[in-house]
Amino acid sequence: MAANVYASATDGGSGGDSAQTRSGTGVRTAGSTIDCPDVGSKLTSVPEQARGEVDKELALLDEQVAKAYQRLSESAQQVQQDSGFADNAIMNPLKDKRAAALERIAIAIDRVGDRPEGLEALAACTVRDSGNQAPAPGEGQDGDGGQQPGQEQGQGQDGQEQGDGQGANGGQAGNGPVAADFAPITSVQPGAGSPRQGTKASRGSFTTDCGVNENGLFNSDNIIAAPGVTNGAHHFHDYVGNQANNAFASDQDLAEAKTSCVDQGDKSSYYWPVLRLQNGTQEQDAKSPGGGIEGNAGEIVTPKQVTLTFVGNPRGKVTEMPRLLRIITGDAKSFVNGPANANASWSCTGFEDRQLKDKYPLCPQGSDVVRTFKFQSCWDGRNIDSANHRTHVAFTDAAGNCPSGFRPIPQLVQRIVYDVDAPSLEDGGRTTPLFAVDSFPEQLHKPVTDHGDFINVFDEDLMREMADCINDGRACGAGAGAEPGDKPQEEPQEQPTKAPGEPTKAPEAPQEQPIRTPAAPQDGNAGGKPGDTGDGNGGKGDDNGGKDQAAKPPVTDKPAPEQEQPEQVGSPTAAPRTDEREVFATPTPEGGTANAGEQGGSKDDAGEDTDGLGQSQAVGTATSAAPTPSVPSRTEPQAVGSGGLADTGAQLWPAAAGAVLVIAGFVVLRRVRRG
């Protein structure tokens, strides 16, 4: 298998370079990967006394696979010359090492409980086709499957080095991404939407503002999946919120740590794999485990915006999250594990009713890349974690109901926006670089491996306030209103979605400007483009993610017409109105946009959300509302209402002028008569 994969990967390389050309990061381009059974997901019951030892052995299994993958990637020449090389030199030794680790896991559990059965069957791994090699002529796929028009030139150049060693079709480190990992967001059909909300639904939201990791807190640990193990993730994470997060942080360390959140009562840890541009930049981890050594190379992009919103349940009230609850959503190994636990969602601002699961989005000009994570929102009522980090929490079913024995908790909806351009696929990212999330080496930076992690370290009083707010149907939290020190803002308003094909972003402008285009709640572009100066961490944005910049007027092909907004009265924490049908505009194939409140909205007559954005987009929440420059609170937008001083003057000056003329006429007539 390995010999065939490498043979196909090396055919058709340009410039005489083979697909095994070194990328300059210690990883060679390759057409195969290693597929091993995921032991952690099979261990659903591990006694607490054995948990520490088992976690360390699970992390060792990941390290064994990572090293075997690197060895396989570097041994293409030997594999081609000897069909048995991969098995004899790599796969069989890997099987023996895994068998020893699995036996140690069994002994650790047997020491304090019942010995698990069948672990020995999980030792063997296989070499499998990565899908990164060039397709045969005529094998292009459609927009759903992978290869897009214009990719042909880039495909088949895995081995072609570009100045800095970047493979044209193998990413900077040679193990992805590739052109087939991208798809135009406009090729995706809008989603079906969220479950219909029942009469007992908890409709509120609580938004916490924890920044965009402008502090540059990164590491390749994973305190949830691999506690006590350095480089347990084998890829770098962005962290916001808790600033003590590393593999060795205890619960007490987390509770006493500083936080990047505006509300200091939120010391929760929110983290996810970093996004990188495959542009040859040597980051801080270029020669470190978890970074360049394991194929995670390129410029780390600081998010433009991060929105963390907790929303309710469509069928009933939510209960408070237990302190130190741990949740992992998505599967970092889903490329080889399969999609059972995958939960990746990729989109573009203005098109967020269209979501990609296994492709990175190619966004139109002026649109930003968006990663969305919707976390599990049902809890078993007993455990803050489980052996496989999954069975203590669950997702609702299609109707919004929790499984039997589980209770609804606030659902974390995490939205991360990046100011990155669509890569140039036709030249393998030479003109505009490819981008990808960090991953385990053998997962090849596939978009389906995207995942998010959360540890609840909310102050208990604040968590109680969150649950009450959501159950009462209000919009609360530091992220739902103004930034610290700013003047109060208006309550977020319903806004139309930017239409497909619209070539520009639509930043929300301050109300003082006479020409404006309303920004969609999911657009995430208010505040304009981030500054061009770096943050010192490889990010593109400014140190505050662009939150404090003045909003720029929209750049359009023609002046945007002034649009009147419906009156909004109340504070950001006021309960949303429930006596009116909520309407949102959705993109149309022709590029038109329906105005809020008119036909074309994405709520049906029964109030069901059909725009694919979920209940968190309801009026009164701030799930996807971009941070905007502060403006004075108003109960009435400009150009609405009458009777102001300007209106009075505009109506009276013609009458005054006429009166003067009449008087002058009488004077002239009288003088004529006297004469």
Side-chain angles (χ1 to χ4, degrees), residues 34-72 87-127 220-235 246-251 253 289-290 294 324-328 331-334 336-338 340-341 380 382-393 440-443 451 453 455:
I34 293 180
D35 185 350
C36 297
D38 186 8
V39 178
S41 64
K42 305 293 193 298
L43 293 174
T44 58
S45 179
V46 176
E48 189 63 35
Q49 302 94 314
R51 186 74 63 85
E53 189 172 349
V54 170
D55 285 341
K56 285 181 172 58
E57 293 298 334
L58 291 175
L60 179 60
L61 290 172
D62 289 335
E63 182 178 349
Q64 292 168 351
V65 175
K67 290 182 177 179
Y69 168 78
Q70 185 168 352
R71 180 87 188 278
L72 181 67
D87 282 340
N88 296 330
I90 302 173
M91 303 308 294
N92 289 338
L94 174 61
K95 179 180 178 180
D96 293 341
K97 292 178 181 179
R98 284 174 59 85
L102 291 169
E103 178 63 17
R104 291 192 293 270
I105 289 175
I107 291 173
I109 296 176
D110 185 46
R111 196 178 292 129
V112 294
D114 295 332
R115 182 184 178 93
E117 300 293 333
L119 285 184
E120 61 277 0
L122 304 178
C125 302
T126 59
V127 176
S220 58
D221 298 345
N222 191 327
I223 189 175
I224 297 179
V229 178
T230 299
N231 192 36
H234 296 269
H235 54 263
N246 60 57
F248 304 97
S250 66
D251 290 348
D253 292 334
E294 296 182 274
L324 298 172
L325 175 70
R326 288 154 162 81
I327 307 179
I328 298 176
D331 183 2
K333 303 175 184 176
S334 54
V336 296
N337 283 350
N341 291 313
D380 67 6
R382 299 183 304 278
N383 303 295
I384 60 171
D385 199 1
S386 50
N388 62 359
H389 313 294
R390 296 190 184 279
T391 53
H392 64 297
V393 288
F440 284 91
E442 77 282 358
Q443 302 297 317
H451 57 281
D453 300 73
I455 304 175

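Taken to the nearest 0.5 Å, the OG atom of Ser220 stands 7.0 Å off from the CD atom of Glu294. How far CZ of Arg326 is from CD1 of Ile224: 6.5 Å, rounded to the nearest 0.5 Å. From Leu72, atom CG reaches atom CD of Glu442 across 11.5 Å, with rounding to the nearest 0.5 Å. Note that the CD atom of Glu53 and the CG atom of Asp55 stand 10.5 Å from one another [nearest 0.5 Å]. Distance check: Leu61 CG to Arg104 CZ gives 8.5 Å after rounding to the nearest 0.5 Å. Taking CD of Glu57 as the start and CD1 of Ile107 as the end, the distance is 9.5 Å to the nearest 0.5 Å.
Leu94 has its side chain within reach of Cys36: a pair of non-hydrogen atoms, C-beta onward, lies under 4.5 Å apart. Proximity of Thr230 to Asp221: side-chain heavy atoms (C-beta onward) are separated by under 4.5 Å at one or more points. Contact of the Val39 side chain with the Arg98 side chain is registered, since non-hydrogen atoms from C-beta on lie closer than 4.5 Å.
In this structure, Thr391 contributes its side chain and Ser386 its backbone to no donor-acceptor pair below 3.5 Å. His451 places no side-chain N or O within donor-acceptor distance of the main-chain N or O of Ser334, the cut-off being under 3.5 Å. At least one donor-acceptor pair under 3.5 Å links the side chain of Asn222 to the backbone N or O of Ala225.
Nearest heavy atom pair, residue Asn88 against residue Pro93, reads O-CD, 3.5 Å. Across every non-hydrogen atom of Ile105 and Leu43, the tightest pair is CG2-CD1, 4.0 Å. Residue Ala332 comes nearest to His235 through the heavy atom pair CB-CE1, 4.5 Å, listed as atom of the first residue, atom of the second, then distance. Shown here for His234 and Ala66, the closest heavy-atom pair between the two residues is ND1-CB, 4.0 Å. For the pair Ile328 and Arg390, the tightest heavy-atom approach, listed with the atom from each and the gap, is O-NH1, 3.9 Å. Of all heavy-atom pairs spanning Leu122 and Leu102, the tightest one is C-CD1, 3.8 Å.
Between Glu103 and Arg115, at least one side-chain nitrogen of the basic residue sits less than 4.0 Å from a carboxylate oxygen of the acidic one, meeting the salt-bridge criterion. Taking 4.0 Å as the cut-off between side-chain N and carboxylate O, Glu48 and Arg51 count as a salt-bridged pair.
For the 3.5 Å distance criterion, the side chains of Ser250 and Asp253 qualify, holding a donor opposite an acceptor. Side chains of Asn388 and Thr44: a donor-acceptor N/O pair is absent below 3.5 angstrom, by distance only.
Among Val65, Thr126, Val127, the single residue meeting the side chain to side chain contact (heavy atoms under 4.5 Å, CB included) criterion with Asp35 is Thr126.
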